[in-house]
Structures are given as C-alpha cells and as structure tokens.
There are 2 protein chains.
Amino acid sequence: MNNLLKYIHSLTAFSDKSWELLQPALNKKELKKNEFLLKEGQVCNSLFYIDDGYCKSYYEIDGVVKNTGFFFENDIATNVNSFGNGLKSEFNIIACEPLTVVVFDKNKLFQAAKQAIEIETLGRNCIRLFASKQEEFANLFKIYSAQERLEYIETKHPEILQRVSLSQLASFLGVSRETLSRIRKRRTLS
Amino acid sequence: MNNLLKYIHSLTAFSDKSWELLQPALNKKELKKNEFLLKEGQVCNSLFYIDDGYCKSYYEIDGVVKNTGFFFENDIATNVNSFGNGLKSEFNIIACEPLTVVVFDKNKLFQAAKQAIEIETLGRNCIRLFASKQEEFANLFKIYSAQERLEYIETKHPEILQRVSLSQLASFLGVSRETLSRIRKRRTLS
DNA sequence: AATGACCTGTGACAATCGTCACAAAATCAC
DNA sequence: GTGATTTTGTGACGATTGTCACAGGTCATT
C-alpha cells in the first residue's frame with residue numbers, strides 16, 4: 001500500500017486518521033494476465049489503483065477488439081459512467097500483464113468520504129485527473145491527423161509505446177494495424 | 001440562479017446553508033455573441049455554468065479553427081486541465097449566442113468547499129459528469145467511423161445538431177466540412 | 001530443433017477523405 | 001426588400017485509409 005499512500009499524498013493533504021478511515025474500502029488484489037477487472041454488462045462498483053503491471057479498456061464490436069485506454073502504475077482505472085450512474089459497462093477492462101491493484105469499493109468509499117472531507121477531496125482529485133486525461137485524448141482526434149496523433153504519443157506518452165505492442169496501439173489511435181505500420185514507414189523514408 | 005439551484009439539487013443533497021456558503025463564489029454574467037469565456041494562454045480559474053445560450057471550446061491551429069466541445073444549458077464549461085493544475089489553456093471558449101452564465105470562482109469555491117462537505121461533493125459530481133462526457137466522446141473516435149459518429153450524435157445528442165451548424169459540427173466530428181456534407185448525401189441515396 | 005502463438009510489414013485494390021475551387025441556398029443587417 | 005455574409009453542396013483529383021492475403025520475425029515452450 002506504500003505506492004498508493006504516496007500517490008494520495010501527491011494529490012491532496014491526507015491525515016493518518018483519513019488513511020485509517022479509508023482502509024475498510026481498500027482491497028489489494030493480484031490478477032493474472034488476461035483476467036478481467038471489469039466485464040461488459042457488469043456495473044462498475046470499483047476504482048482500481050494500478051500498483052504494478054498494466055491493463056487496458058476495450059470494446060468488442062462484431063468480434064473486433066477496439067482498445068480505448070491503457071492504465072499503468074499510479075493510474076486509476078474505472079468506467080466513470082458506470083461507476084457514477086450505476087449503468088452497465090459497455091466495455092471491458094483486462095490485465096495485460098500480471099497485475100497488482102488496490103480495489104476501492106464504491107459503497108465503502110462513499111461511507112468513508114462522509115466521515116472525512118479529505119477523502120471526499122481525494123475522490124474529486126482522482127476524477128479530475130481522469131477527466132483531464134480523457135479531455136486530452138478526446139481532443140487529439142479532433143485536432144490531429146493519424147500521423148500527428150502517433151507523434152503526440154511518442155513525445156508526450158512514450159511509456160505507452162515502450163510497453164504496448166503496435167497492434168494494440170493501433171485501435172487506440174483510431175487506425176488499423178496496417179495503417180499504423182505504413183505511417184511509421186512513411187516517416188523513415190522522409 | 002434558479003436553474004443552477006435545480007441543477008445542483010439534481011446532482012447531490014444540498015442544504016440551504018451550503019447554498020448560502022456557496023454564494024460568494026458565484027457571479028452571474030452576460031456575454032455577447034463571440035465574447036470569450038477563456039482565451040488561449042490564460043489560466044482557467046473558473047467553472048462556467050451555462051444558464052442560457054451556448055458556447056464552444058476550440059483550438060486555433062495554423063489559423064484553422066478546430067472545435068472540440070459544445071456546451072448548452074445545464075452544462076459546465078471549463079478547461080479541467082488548466083483549472084486543476086494552474087496551467088495555461090491551449091484552447092479558447094467562446095459564446096456562440098448571447099450567453100448567460102454563472103461563474104464559479106476557483107479560490108472562493110475551494111474556500112467554501114472547506115466549510116461544507118456538500119460543496120466538495122458537488123464539485124466531485126460536476127467533474128464526474130464532465131469526465132463521463134469526455135470519455136464518451138473520446139471513445140467515439142476509437143470505435144466508430146466518421147459516418148457512425150454522425151449517426152451517434154444524431155441519436156444520442158440531437159440537441160447539438162439542432163443548434164450547431166454543420167460547418168461547426170465537422171471539426172468536432174474530426175472530418176472536413178466537405179466530407180460531412182458527402183456523408184449526409186451518401187446516406188440519403190441509400 | 002521443432003512447434004505454435006503473436007507481432008510486424010507489405011502488396012493490391014477499393015473506399016474514404018482532404019483540399020481547392022466554385023456555385024447555390026439560407027441567413028443576417030440595414 | 002436588398003445587398004452582404006454565412007452556410008451548404010459538389011466536382012475534380014491526389015492522398016490516406018481499410019481490408020484481405022500472405023510472409024517473415026520473435027519468443028516461449030516442449
């Protein structure tokens with residue numbers, strides 16, 4: 001839990017008492033590669049703090065996998081829409097490597113937040129970071145071409161390229177595997 | 001302020017006392033068409049509750065306008081990244097019609113939130129809605145084609161089509177104006 | 001060494017898209 | 001109403017992309 005505590009302190013002031021109050025909502029969990037954190041159709045009642053390893057979110061449409069997000073150490077993975085509104089999730093979250101997460105249980109988290117405003121503030125900050133990330137990637141598609149999106153990831157988020165295969169990255173960039181391969185080729189020629 | 005109060009009550013339990021504590025952070029403002037709520041390069045220190053009219057966020061890249069979001073009545077408009085981290089905004093927010101907004105001042109809001117957990121919770125819920133919306137639109141680009149994105153907007157967010165011109169909508173969908181026009185033509189022929 | 005699973009590249013071809021240019025239609029200001 | 005401005009549609013053409021098919025490479029396991 002040390003990584004989590006550091007992460008929390010980087011986000012907001014957090015007393016020992018708040019940390020104690022938060023404990024009942026936390027649950028450390030180890031997952032094997034390809035185990036699900038969240039399945040399509042389920043309601044998401046958890047936030048997943050990624051302690052070690054990484055996971056991805058993906059839609060499966062007509063049998064085709066479309067990756068929508070990658071979550072590494074010190075990220076929070078969840079389905080905000082399902083978590084916040086109690087709706088069924090339209091996508092999956094799956095471990096891409098052996099994965100260690102700290103699971104925040106929604107109900108117990110809300111109970112704890114009522115007792116300590118620091119926990120409420122922590123929640124707000126977690127969601128703020130999440131929103132910030134989503135905004136960043138949503139805008140990528142509106143202002144950049146496929147090639148520019150790749151270059152953006154290369155400069156601003158090299159960690160993704162270091163750990164995710166190009167096949168996996170392609171749908172995240174909104175292009176086919178073959179197109180991503182050709183974009184890379186085009187550049188080396190010029 | 002009636003609309004805002006209803007909006008708040010739809011999000012979270014909110015006492016009269018919290019409402020009073022919140023007042024110093026609020027400031028009603030009227031803007032003409034094409035007035036800026038936020039300019040590129042500025043730090044965003046406000047949340048804008050849209051009371052009447054609508055506005056949009058856009059990047060201007062090499063002189064070309066790229067719309068990234070539209071905000072209507074009962075939406076909150078802001079730059080989460082700038083607001084949360086105190087960074088300069090990379091995009092603009094501008095009134096598309098005569099606009100009435102309630103401006104939340106960041107510092108005064110945070111001060112009020114320290115005194116009432118209900119305000120802190122309100123903040124969390126506002127950001128949660130924002131994150132939810134961003135996630136929805138970010139995923140659109142990863143899982144759908146341009147035509148499918150248009151159809152998604154038509155069925156799930158018809159209010160955008162009713163109020164925004166097709167020229168304005170095009171960059172939001174990540175295509176050129178001409179392509180959007182042809183997608184519409186293609187469909188009427190089949 | 002052999003096997004199988006996965007990843008990457010590439011050729012061919014059709015579909016889609018961006019850009020430039022211009023015209024028609026709709027809207028706005030006076 | 002009239003002229004100006006904005007919006008939308010469309011033709012032409014080159015660039016980019018998706019799809020299908022196949023080949024070579026890497027890596028872990030046996």
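For the numbers below, each heavy atom of this structure counts, side chains included, while hydrogens, waters and symmetry mates do not. Quick note on labels: first sequence line is chain A, next is B, and so on, each numbered from 1. The structure presented is a predicted model; accordingly, all values stated were derived computationally and were not measured.
- The phosphate of C:dG9 (OP1 or OP2) has a side-chain N or O of A:Arg184 nearer than 4.0 angstrom.
- Between the P atom of D:dA15 and the CD atom of A:Gln147 lies a distance of 14 Å, rounded to the nearest Å.
- Look at CG on B:Leu180: it is 10 Å from P on C:dC17, rounded to the nearest Å.
- In this structure, the CG atom of A:Asn34 is 14 Å from the P atom of C:dA5, given to the nearest Å.
- Aromatic rings of B:Phe141 and A:Phe137 (six-membered ring for Trp) have centroids beyond the 6.0 Å cut-off, not under it.
- Ring orientation note: the planes of A:Phe72 and A:Tyr54 are tilted relative to one another, at an angle of 30° to 60°.
- The nearest whole Å value for the distance from the NZ atom in A:Lys185 to the P atom in C:dG9 is 10 Å.
- The pair B:Glu97-B:Arg163 meets the salt-bridge criterion, with a side-chain N (NZ, NE, NH1 or NH2) lying under 4.0 Å from an Asp/Glu carboxylate O.
- Atom CD1 in B:Ile143 sits roughly 15 Å away from atom P in D:dG18 (whole-Å rounding).
- Under the 4.0 Å criterion applied to side-chain N and carboxylate O atoms, B:Glu35 and B:Lys29 are not assigned as salt-bridge partners.
- Residue B:Lys33 contributes atom NZ, which lies 9 Å from atom P of D:dT6 at whole-angstrom precision.
- Put simply, B:Ser176 has no side-chain N or O that comes within less than 4.0 Å of OP1 or OP2 on C:dT19.
- Residue contacts shown for B:Ser181 include a base, since a base heavy atom lies under 4.0 Å away.
- For A:Thr179, a side-chain nitrogen or oxygen approaches OP1 or OP2 of D:dG18 to under 4.0 Å.
- Counting atom types as modelled, B:Glu178 pairs no side-chain N or O with a base atom of C:dC17 as donor and acceptor under 3.5 Å.
- The nucleotide whose nearest atom lies closest to any side-chain atom of A:Arg182 is, among D:dT17, D:dT19, D:dG9, D:dT19.
- Straight-line distance from the NZ atom of A:Lys66 to the C1' atom of D:dG18: 10 Å, rounded to whole Å.
- One finds a side-chain N or O of B:Ser165 lying less than 4.0 angstrom from the OP1 or OP2 phosphate oxygen of D:dT8.
- No cation-pi contact links B:Arg124 to A:Phe83, judged by a cut-off of 6.0 Å to the six-membered ring centre and 45° from its axis.
- In this entry the distance linking CD of A:Glu148 with P of D:dT16 reads 12 Å, nearest Å.
- For a distance-only test at 3.5 Å, the side chain of B:Arg177 fails to qualify as a donor-acceptor partner of the base of C:dG18.
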